[in-house]
Amino acid sequence: MTGTIVKAINVHKKFAGREVLRGVDLEVRNGEVLCILGPSGSGKSTLLRCLNHLESVDDGVVWIDGQIIGYVLRDGTLKELPARKVRRQQREIGMVFQHFNLFPHMTALENVIEGPVTVRKEPRASAIARAEKLLASVGLAERRDAYPAQLSGGQKQRVAIARALAMNPKVMLFDEPTSALDPELVGEVLDVMRELAASGTTMIVVTHEIGFAREVADRVAVMVDGEIREMGPPAEVLANPTDARVRSFLARVLA
Amino acid sequence: MALEAAAGSQRVEVEALRQRSYKIVRLRHPGRWLAGAVVLALLALLVQAFAHGQIQWKLVGQFLTADVILRGFGITLLISALAMLLGLSLGTTFAIMRLSANPVTRFVAWLYVWIFRGTPVLLQLLVWFNIALVFPRIIIPGVFEGRTVDIVTPFIAALLGLGINEGAYMTEVVRGGINSVDHGQTEAANTLGMSRFQTLRRIILPQAMRLIVPVLGNSAIGMLKTSSLAAAISCTEMLNAAQQVYFVNGAVIELLFVCAIWYLAATTVLSIGQYFIEKRYGKGTSQARSRSSFKLPFGLGSAGTPALEKAQ
């Protein structure tokens, strides 16, 4: 149960010549909650998107559950996998986006069953039964037939979480899940994530919510300029950061 | 003291305002009435001129339901529908090719649009009509062999000419529709593990439809009218049928009016159908629903009639 589920070694990423990630190492154990903090532009979201191959890495390797993501290692070279095989890996990794990215032409329920029915070929009836349970668990049982345009931001994000969970992912990635929400709606999404963490789901959360990180995370990582400068239990990292840049960042956000 | 008095009188006035309500006199628009009257008078003159002109209205009534015209109208509808279908399938195919990562398929799709959008549709119809001059026989080894003139009848030539031409326009329309869908939708589909084809069919195209359908309605109306060009390659659609009749009986304007009435009837039905299809594809976006207003003839139901918009 305490095995490593996510492992990244020496991940590099460049956008138009600018180094966004400069050699990031990461290891997340099964059931662990890792919060990634850091100033905007520090590469947090890019790192997350490299973990599920929404961005391909320029150097380094990412393993999810022992499998290299996006490549196969043969004779000392990494060979790109065909799209079909990449999708097969990606469906084991749940992702929640800052801007929800719900399918606007489908109801909440249809959004949640889309993956299981279309991708996993699960029978519609059983997918619906599971989706109803998932929607109930995020507190939206009665909004199952609402379209995203009829939901508030917080409700949309909770549907998006249910949609990702419907694929029974091995790990859940959250890319600033509350940054696009009105302040009064942040709490309902964090509550759902808190329950998720308590249920033993492995989570990697890029966030600006320091309070959530302190309370829920097993470890926090602070990124600055494309590097993880500090990583450890929240009590240690948030209270006594050793790196100067991390200290000034935390001083600003904790003020 | 004076100040207090002023405040006091002001309070009295506010009380008075609260007590009573005022009658509002709407601004009059005599200019509108005048303009309306002038336009109506001109219209009346026009109607009167046609009513007393050299037109045998009885003939219009007679030929409106004549067999030969109705059969022609049927062919017009059939050609328009089939050519639209061909155009839409070609358009979707080439749009996907234009967005492909493969530079060869991208170039071929570009070439298709360049040629068929860049030449007159009448010319294209004539080329298909005369294609037997280039390929006297059509041979698929072991499967099929025949004379081109037997296969590419005027009807088939019209269908190919109109459909392939429409496809070139549709390519651009579908491409625009696909491009309008937020990239986050593709990413969300990827993270669920959906294949490229599944993403296109389940996520992208249904959303692109919202942009495509309104254009599609206009294209269908355009196609219905453009199909009359097939008369030039002796395809017996409605206009050609009408011409054949008036070459014999000389009632030129009467028969042209008969055609006009049928074209108007068909385009009216299409615009009504377009309204309902747009409503269906506006699903899930409240803005799209309230924005698409049904355009009745005479411009009723468009901007300026809030009652109708609310009724939707």
Side-chain angles (χ1 to χ4, degrees), chain A residues 45 48-49 51-55 70 82-108 110-121 145-151 159-160 163-169 171-175 180, chain B residues 92 96-97 99-103 105-106 174 176-216 276-292 312:
Chain A
S45 289
L48 206 65
R49 293 163 61 82
L51 294 183
N52 67 352
H53 206 66
L54 278 182
E55 308 286 354
R84 189 170 39 86
K85 292 197 172 162
V86 175
R87 299 288 171 271
R88 192 168 279 275
Q89 295 180 327
Q90 282 176 324
R91 72 190 200 191
E92 308 290 338
I93 309 164
M95 176 106 172
V96 174
F97 299 89
Q98 181 178 358
H99 295 287
F100 329 125
N101 296 355
L102 287 180
F103 305 131
H105 57 301
M106 299 181 182
T107 62
E110 285 166 345
N111 265 282
V112 179
I113 66 171
E114 182 62 24
V117 171
T118 305
V119 179
R120 284 204 196 278
K121 309 291 177 206
D145 294 322
Y147 286 97
Q150 299 161 332
L151 298 172
V159 172
R163 175 177 70 177
L165 289 173
M167 295 300 282
N168 293 325
V171 53
M172 285 282 285
L173 310 179
F174 293 83
D175 187 7
Chain B
T92 311
I96 293 168
M97 283 170 68
L99 295 168
S100 140
N102 185 333
T105 51
R106 247 185 358 241
V174 174
I178 290 176
N179 276 337
S180 76
V181 179
D182 180 42
H183 185 63
Q185 294 288 309
T186 308
E187 291 192 342
N190 282 350
T191 58
L192 291 178
M194 294 174 85
S195 70
R196 255 174 69 85
F197 178 72
Q198 285 170 336
T199 306
L200 201 63
R201 192 174 59 86
R202 303 273 317 160
I203 309 300
I204 307 297
L205 283 180
Q207 293 183 60
M209 278 298 171
R210 247 184 329 147
L211 226 84
I212 295 171
V213 165
V215 187
L216 214 60
F276 284 106
I277 294 174
E278 267 180 47
K279 225 171 126 176
R280 187 180 130 62
Y281 277 104
K283 190 168 71 168
T285 46
S286 46
Q287 298 101 315
R289 202 169 302 166
S290 58
R291 222 184 279 142
S292 70
Q312 294 167 20

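Computed from a predicted model, the values in this text were never measured in an experiment. Order of the sequence lines fixes the chain letters, A, B, ..., with proteins taken first and strands second; residue numbering starts at 1 for each chain.
Heavy-atom distances place the side chain of B:Asp182, and not its backbone, under 4.5 Å from chain A. Only the side chain of A:Leu54 comes within less than 4.5 Å of a heavy atom in chain B; its backbone stays farther off. Both the backbone and the side chain of B:Gln185 come within less than 4.5 Å of a heavy atom in chain A. For A:Phe103, the parts lying near chain B are the backbone and the side chain together; criterion is any non-hydrogen pair under 4.5 Å.
Counting only heavy atoms from C-beta outward, the side chains of A:Val119 and B:Met194 approach each other to under 4.5 Å. A heavy-atom distance below 4.5 Å is found between the side chains of A:Arg49 and B:Glu187.
Contacts with chain B were tallied for A:Arg84, A:Gln90, A:Met106; A:Gln90 has the most, counting heavy-atom pairs under 4.5 Å. Counting heavy-atom pairs under 4.5 Å between each of A:Thr107, A:Leu173, A:Leu102, A:Val86 and chain B puts A:Leu102 at the top. Ranked by non-hydrogen atom pairs under 4.5 Å with chain B, the options A:Met95, A:Glu114, A:Glu92 are led by A:Glu114. Per-residue counts of heavy-atom pairs under 4.5 Å with chain B were compared for A:Arg87, A:His53, A:Arg120, A:Met167; the largest is that of A:Arg87.
From A:Asn111, atom CG reaches atom CG of B:Leu192 across 9.0 Å, with rounding to the nearest 0.5 Å. Atom CZ of residue B:Arg202 and atom OG1 of residue A:Thr118 lie 4.5 Å apart, to the nearest 0.5 angstrom.
With hydrogens and angles disregarded, no donor-acceptor distance shorter than 3.5 Å links the side chain of A:Gln89 to the backbone of B:Gly193.
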